[in-house]
Every structure is written in C-alpha cells, then in structure tokens.
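These notes concern the structure reproduced below.
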Amino acid sequence: MAENVRVRFAPSPTGEPHIGNIRTALFNWLFARRHGGEFVVRVEDTDQERLVPGALEAVLESLDWLKIDWDEGPRVDGPHAPYVQSQRLDIYKDLARKLVDKGVAYPCYCTRERLDEMRKEQQRTRQGSGYDRRCLHLSDQERRDLEAEGAPSVIRFAMPTSGVTEVEDLIRGHVEWRNELLDDFVILKSDGFPTYHLGVVTDDHLMEISHVLRAEEWLPSTPRHLQLYQALDFEPPKFGHLPIIMGPDRAKLSKRHGATALLDYREEGYLPEALLNFMVLLGWALDDKTEVMSTDTIISEFSLEGVTKSSAIFDREKLTWMNGVYIRDLSAEELADRLLPFLGRDLPPGLLPVDRDYLVNIAPLIQERIKLLSDAAGMTQYFFEDLPVYDPNMLVQRGMDAASTHPALQAALEHLKESPSFGHEHLEQTLREVGQELGLGPRQFFGSLRVAVTGRTATPPLFETMEVLGRDRVLRRLSRACEVINQLI
RNA sequence: GGCGCGUUCGUCUAGAGGCCCAGGACACCGCCCUCUCAAGGCGGAGAUCGCGGGUUCGAAUCCCGCACGCGCUACCA
C-alpha cells in the first residue's frame, strides 16, 4: 500500500459538521499520513437547495481545530483545482453527454409528480422500489417532442439488467449486488448539477484518489459507482466503508442528538487532542489495552485492519474522562493559556481581566479537579473575588458552635499575620500546631478555615490554596470571617 | 416491502480453533490514601460471546439457518 496513497474528505456544506463527519475526515487523514500520501478536501456542494451559508467554514474550522491539515483543497488549492464541485459543472455535463452518446445514459422527462405516483404504487403493491425506465423506451420522435415543449429533463444512468457488481471492501470484504435490482439513477439533475454519484466518481478519478474511505451509509451506492467507473472507462479506486457512529438511541448521529456539532465540543471545554484520540477509538483499536495515545502514535499505528465493522455508540462520559486525562497532562503554563479564554467568557465581567501569572499559579490546583476547561470558572471564582460570599453557618463545623469557632479563626488570623513564610508547607505546619493547641481536629479546624478563606466546603488543598491567594487576601478573608461569626454568637 | 451491512459486559473494545468457564477502558460499588473535593492505588460486580443447528478431539473464533439492529431504497449527500 506504499505507492501513491491519495485519499479525500468530501463534505457537503449543508450544515454543522458533527462527530460522524469529522471522524470520517480523521480516518482518511490518518491513513494518508500513515502512508505518506496526500489528503484532499473537496467540497461537494451539488445540492443547491440545502446549502447552508457558513457550513463550509465550520467544516474547515473543525479540521483546523483538530489540526487535521490537508494537502489539496480549499484555501491551499493544488494541481486538480478547483476543489469545489459547483465550479466544475462543465466537466460533469461533458461526461454525462459522453455517456448518453455511448448509449449507457439517457434523458428522462418524468415529472416529480409521476415519480411520486410510481413510488406510491410500488409501495402499495409491495414491489421493490426503483425507476421504471419509462424514458429509456422513448422513441426519437417522442424525445424530440418533449424537447420542443421545453420539458425539463435529467440524465439517468442505464444500469445493466443482469449480472452482478462486486467489490472487495477494505473493511467489509467481499460484497456483491445483483444488477437487476438496482435502478437507473439520476446522474445529472435538471438544474445542470451532477448528483453525488456522478460527482464523486468523476472527481475521485480526476483527482487520482487511490482509496475511498467513507461512512458505511455509502456502501449501497458502491455498485452504482463501480458501474459508472466501468462505463466511463475509469479505473476504480479501492473502497473501505467505515462503521457509522450512532447516538444513544442507536440511530445514525444527526442534529437531533443535541450537541453533536463538533465545534460545540470546543465551546464546552474539550481539548482537540482528547477529542481526536476519542474519535479514533470509535471504530479502531490499537490493541487490547492502549487507549490514550498521542496523535503521532495514532498516525504511526493506524491501519485499516484495526477498523471495526460494527457501528459504535458515541459515549460522552468516556470522552469526558479522557479529556480529564489530557488536562492533567498539561503543564501549568499550557493549562493557564487554554483556560484564559474560558475564564474570560464565564467569569463575572467584574472579575476580569484575569491576570495570567496568577492563573499559572492557580492552574495546578484545579488541574486534577476539572474535566472540562469550562469547569474552571465555577471552580476558581473565589480566587478572583474580593471577598467570598457564603452562609456564616458554614463556618461552624461538626461538634463545634459559633462560640468555639470564633477563637479558632481568630487564632489562625493572629498566627498568619506573624507567619514568616507563606509557603504551603510552612502554613500547614503552623496551622496544625495551632489546631492542636485549640484542641480541634484537623477536619474541624481546616474545615472552618477553608470556608473562611474560600467560601466553599470543597476546594483544592487548603494550604496550597492559601499560598496562591497570598497573605493579603487570606488575612482579609479571615478577619471578615471573624466578624461574621461574631454576629452568630 | 426490497437490497446490503452488522451482532463479545450498560457503553467503547481485545479476541483471527485450544493461551478465554473471555482481557482492557468508561460508568457503577467497596476499601486505602486524606484538611474537603478530586486525582491515584487496590478490589468487586457486570458478557450463558444474539438464537438454533452443524464441522472439529476442541468454536466467541469456520459453515448453514433464523432473529434482531442499523443503513440504503430522492432531480440529498
């Protein structure tokens, strides 16, 4: 497989790209990079009615975010430009005409109404569906009349009515179809645009694509494509049909599954490298235990033999776990930089802007406590607030009351004022001693201090937190806590 | 309805005749660690390998049938 691998990702800009779409792009890209081949992006915008403005940008942005780069396609062009099908209309028309001349395709003037009727009738009588070839049998005279009337027409491909079409699928093995069961599909629409079938075959050939790796939903159309290749005298590429990704309801992933648009994951605080790692695991495994892998490792280990045949259900929980693993692997600086935009978005405006150096100190404290970058704001807010807000009763720990809490906080305050160092180790040593002198258990004493200093009952380790907050903030919060608890007595 | 593909713990998967009365991971439960929360460590529960027939000394792995699921069945991709 070493010679000339050329694969492509052919999105149609009809909506937000979701996990399933991009996963297909990912597999193609991995295959190309693994074999030192080329990865082409081609825009299949042949359905003028379903075009969604901005959809292509979203596709490219998704790829950018995941660092999936392409060698030819939009923005970079290449030897087979243009890479946008709507700019290649003449090519398809020309080929369609050639097929008509050759007698393997023909114009069809059937109206949508008639086609609908035909389908209804087929359903009623429970026949197999498909075009009934009415226009294949038109006489020259009838055809001329229709043309003279200006009747709109499409071009249909005349499928062979006998024999079988077979493919050795790279993932599924041998598959074959009886030609008589396949109908005469449209290759050129009445608006002059090709259908998907003509479009892919033409461009995959012209762009010298060696391997077509696409989702399994395309498997049923493969015999049509193969017949087209044959009629056109093109050598077909190799085919591999990837398993489909499904939602929790076991239906093909689509918009109605909620947050499936790939870029939504960026907004929610997933790291692109984690998402990529997770996506490749939907339908591919390296071995019986390795799951967390760098992109480089994935590239060097990726192979079609490792691709699963059955469809996979997208499990968000595992993705989230994996995101946590990747977050924990970041350096403090990296984490802070990734966190910055999220804090800027999620923190109350009054607390902004966030000081990066301060954040670099905070980051390690929440690193093993967040699973999403978007968890950070809620978990760090008290670092930025002037004074934390909380219910005074929270200061009172089990087995204590307000009267015994006050002297404890007071003692801590006094000692911290004098403390020669504000390093966490020194703080811990000092405060443990203070707690003992007060006859309080660490749970009680530290619990109360935690609330006083952060306003929370669950936070990163107390002394590290104090160190990062700094003496000023800690002292102010403690004295405020003393006032507050005093009012409860 | 027709055609095609698929079927191993809830989920992602390992497994290509004996290593498997099935391994790993997420989630779940328990214990440990511990100033809280996490993270981490250890352990547990969880799959009669869709069902039924074969083939074989031996089958999750090969063959046949069935069931179920999914996909396709558009002048959508």
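Quick note on labels: first sequence line is chain A, next is B, and so on, each numbered from 1. Since this is a predicted model, take the numbers as computed values, not measurements. As a basis for the values below, the full set of heavy atoms in this structure was taken, side chains included, without hydrogen atoms, waters or symmetry mates.
Interface remark: the A/Arg450 side chain does form a donor-acceptor pair with the B/C35 base, using a distance-only criterion of under 3.5 Å.
The gap from the C1' atom of B/G54 to that of B/G17 amounts to 15 Å, rounded to the nearest Å. Nucleotides B/C5 and B/C20 have their P atoms positioned 33 Å apart, rounded to a whole Å. A distance of about 12 Å separates the C1' atoms of B/A60 and B/G50, rounded to the whole Å. Spacing between B/U48 and B/C12 at atom P, rounded to whole Å, works out to 16 Å. Separating the P atom of B/C31 from that of B/G24 is a span of 22 Å, rounded to the nearest Å. Atom name C1', nucleotides B/A45 and B/C9: the rounded distance is 11 Å, in whole Å. B/C29 and B/G18: their C1' atoms are spaced 35 Å apart (whole Å). Taking the P atom of each, B/G69 and B/U11 are spaced 15 Å apart, rounded to whole Å.
The stretch residues 437-462 of chain A participates, sequence neighbours left out, in these ring-ring contact (aromatic ring centres under 6.0 Å, His included) pairs: A/Phe446-A/Phe463. For residues 167-185 of chain A, every residue pair satisfying the side chain to side chain donor-acceptor pair (under 3.5 Å) rule, not counting sequence neighbours, is listed here: A/Tyr106-A/Asp184, A/Arg133-A/Asp184, A/Thr165-A/Asn179, A/Glu166-A/His174, A/Glu168-A/His174, A/His174-A/Glu176, A/Arg178-A/Glu180, A/Asp183-A/Arg224.
Applying the side chain to side chain donor-acceptor pair (under 3.5 Å) test to A/Arg119 and every residue at least two apart in sequence or in another chain returns A/Asp116. In this structure, A/His137 has no side chain to side chain donor-acceptor pair (under 3.5 Å) partners at least two apart in sequence or on a different chain. Applying the side-chain contact (heavy atoms from CB on, under 4.5 Å) criterion to A/Gln87, with sequence neighbours excluded, gives A/Pro82, A/Val84. With sequence neighbours left out, the side-chain contact (heavy atoms from CB on, under 4.5 Å) criterion links A/Arg473 to A/Tyr358, A/Leu469, A/Arg476, A/Arg477. By the ring pair (Phe, Tyr, Trp, His ring centres under 6.0 Å) test, A/Trp218 is found to be paired with A/Tyr196, residues two or more places apart in sequence or in another chain being considered.
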All N/O donor-acceptor pairs, side-chain side in residues 449-459 of chain A, below 3.5 Å, sequence neighbours left out:
| unit_1 | atom_1 | unit_2 | atom_2 | d |
| --- | --- | --- | --- | --- |
| A/Arg450 | NE | A/Thr459 | OG1 | 2.9 |
| A/Thr454 | OG1 | A/Arg450 | O | 2.7 |
| A/Thr454 | OG1 | A/Arg456 | N | 3.0 |
| A/Thr454 | OG1 | A/Arg456 | O | 3.4 |
| A/Arg456 | NH1 | A/Gly378 | O | 3.1 |
| A/Arg456 | NH2 | A/Gly378 | O | 3.0 |

Side chains of residues 276-286 of chain A: which donor-acceptor partners sit under 3.5 Å, not counting sequence neighbours?
| unit_1 | atom_1 | unit_2 | atom_2 | d |
| --- | --- | --- | --- | --- |
| A/Asn277 | OD1 | A/Met293 | N | 2.8 |
| A/Asn277 | OD1 | A/Tyr326 | OH | 2.5 |
| A/Asn277 | ND2 | A/Glu291 | O | 2.9 |
| A/Trp284 | NE1 | A/Ser303 | O | 3.3 |

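Proximity note for A/Trp321 (side chain, C-beta onward) versus B/A27, B/C5, B/A38: the nearest is B/A27.
Nucleic acid contact class of A/Leu219 (heavy atoms, under 4.0 Å, all strands): sugar-phosphate only. Within the nucleic acid shown, A/Arg172 comes within 4.0 Å of sugar-phosphate atoms alone, with no base atom in reach, counting heavy atoms only.
Checking the phosphate oxygens (OP1, OP2) of B/A39, a side-chain nitrogen or oxygen of A/Lys371 falls inside 4.0 Å.
Rounded to whole Å, the distance from CZ on A/Arg328 to P on B/G41 is 10 Å. If you measure from atom CG of A/Leu170 to atom P of B/C5, you get 16 Å, rounded to the nearest angstrom. The nearest whole Å value for the distance from the NE2 atom in A/His174 to the C1' atom in B/C63 is 17 Å. To the nearest angstrom, C1' of B/C37 lies 13 Å from CE of A/Met394. Here the P atom of nucleotide B/C35 and the CZ atom of A/Phe463 are 9 Å apart, to the nearest Å. Straight-line distance from the CG atom of A/Asn323 to the P atom of B/A39: 13 Å, rounded to whole Å. A/Leu449 places its CG atom 9 Å from the C1' atom of B/C35, with the value rounded to the nearest Å.
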**Item:** Derivation of the salt bridge (Lys or Arg N to Asp or Glu O under 4.0 Å) call for A/Asp375 and A/Arg369
**Value:** CA-CA 9 Å; A/Asp375 291 336; A/Arg369 293 173 175 76; over 6 Å; no
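Look at A/Glu273 and A/Arg338 and you find a salt bridge, because one of the NZ, NE, NH1 or NH2 atoms lies within 4.0 Å of a carboxylate O, short of that distance.
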Would you list the protein and nucleotides 31-33 of chain B atom pairs, both N or O, that sit under 3.5 Å from each other?
none

Listed pairs, N/O of protein and of nucleotides 10-14 of chain B, under 3.5 Å:
| unit_1 | atom_1 | unit_2 | atom_2 | d |
| --- | --- | --- | --- | --- |
| B/U11 | OP1 | A/Arg250 | NH2 | 2.5 |
| B/C12 | OP1 | A/Ile313 | N | 3.0 |
| B/C12 | O2' | A/Leu281 | O | 3.1 |
| B/C12 | O2 | A/Lys318 | NZ | 3.4 |
| B/U13 | OP1 | A/Gly283 | N | 2.8 |

Give each protein N/O atom lying under 3.5 Å from an N/O atom of nucleotides 72-77 of chain B, with the pair distance.
| unit_1 | atom_1 | unit_2 | atom_2 | d |
| --- | --- | --- | --- | --- |
| B/C72 | OP1 | A/Lys252 | NZ | 2.7 |
| B/U73 | O2' | A/Ser129 | OG | 2.6 |
| B/A74 | OP2 | A/Arg119 | NE | 3.3 |
| B/C75 | OP1 | A/Arg119 | NH2 | 3.2 |
| B/C75 | O2' | A/Arg112 | NH2 | 3.4 |
| B/C75 | O2 | A/Ser190 | N | 2.9 |
| B/C75 | O2 | A/Ser190 | OG | 2.7 |
| B/C75 | N3 | A/Ser190 | OG | 3.0 |
| B/C76 | OP2 | A/Lys189 | NZ | 2.9 |
| B/C76 | O2' | A/Asp47 | OD2 | 2.8 |
| B/C76 | O2' | A/Arg50 | NE | 3.2 |
| B/C76 | O2' | A/Arg50 | NH2 | 3.0 |
| B/C76 | O2 | A/Arg50 | NH2 | 3.4 |
| B/A77 | OP1 | A/Thr46 | OG1 | 2.9 |
| B/A77 | OP1 | A/Lys189 | NZ | 2.6 |
| B/A77 | OP2 | A/Tyr196 | N | 3.2 |
| B/A77 | O2' | A/Ser12 | OG | 3.0 |

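Toward the 5' end of RNA chain B, the nearer of the two residues A/Arg178 and A/Arg432, judged by each one's closest nucleotide, is A/Arg178. Residue order along RNA chain B, read from the 5' end via each residue's closest nucleotide, puts A/Leu319 first among A/Leu319 and A/Pro460.
Both the sub-6.0 Å distance and the 45° axial angle are not jointly satisfied by A/Arg316 relative to the ring of A/Phe314.
Taking the centre of each ring, A/Phe193 and A/Tyr92 stay at or above the 6.0 Å mark.
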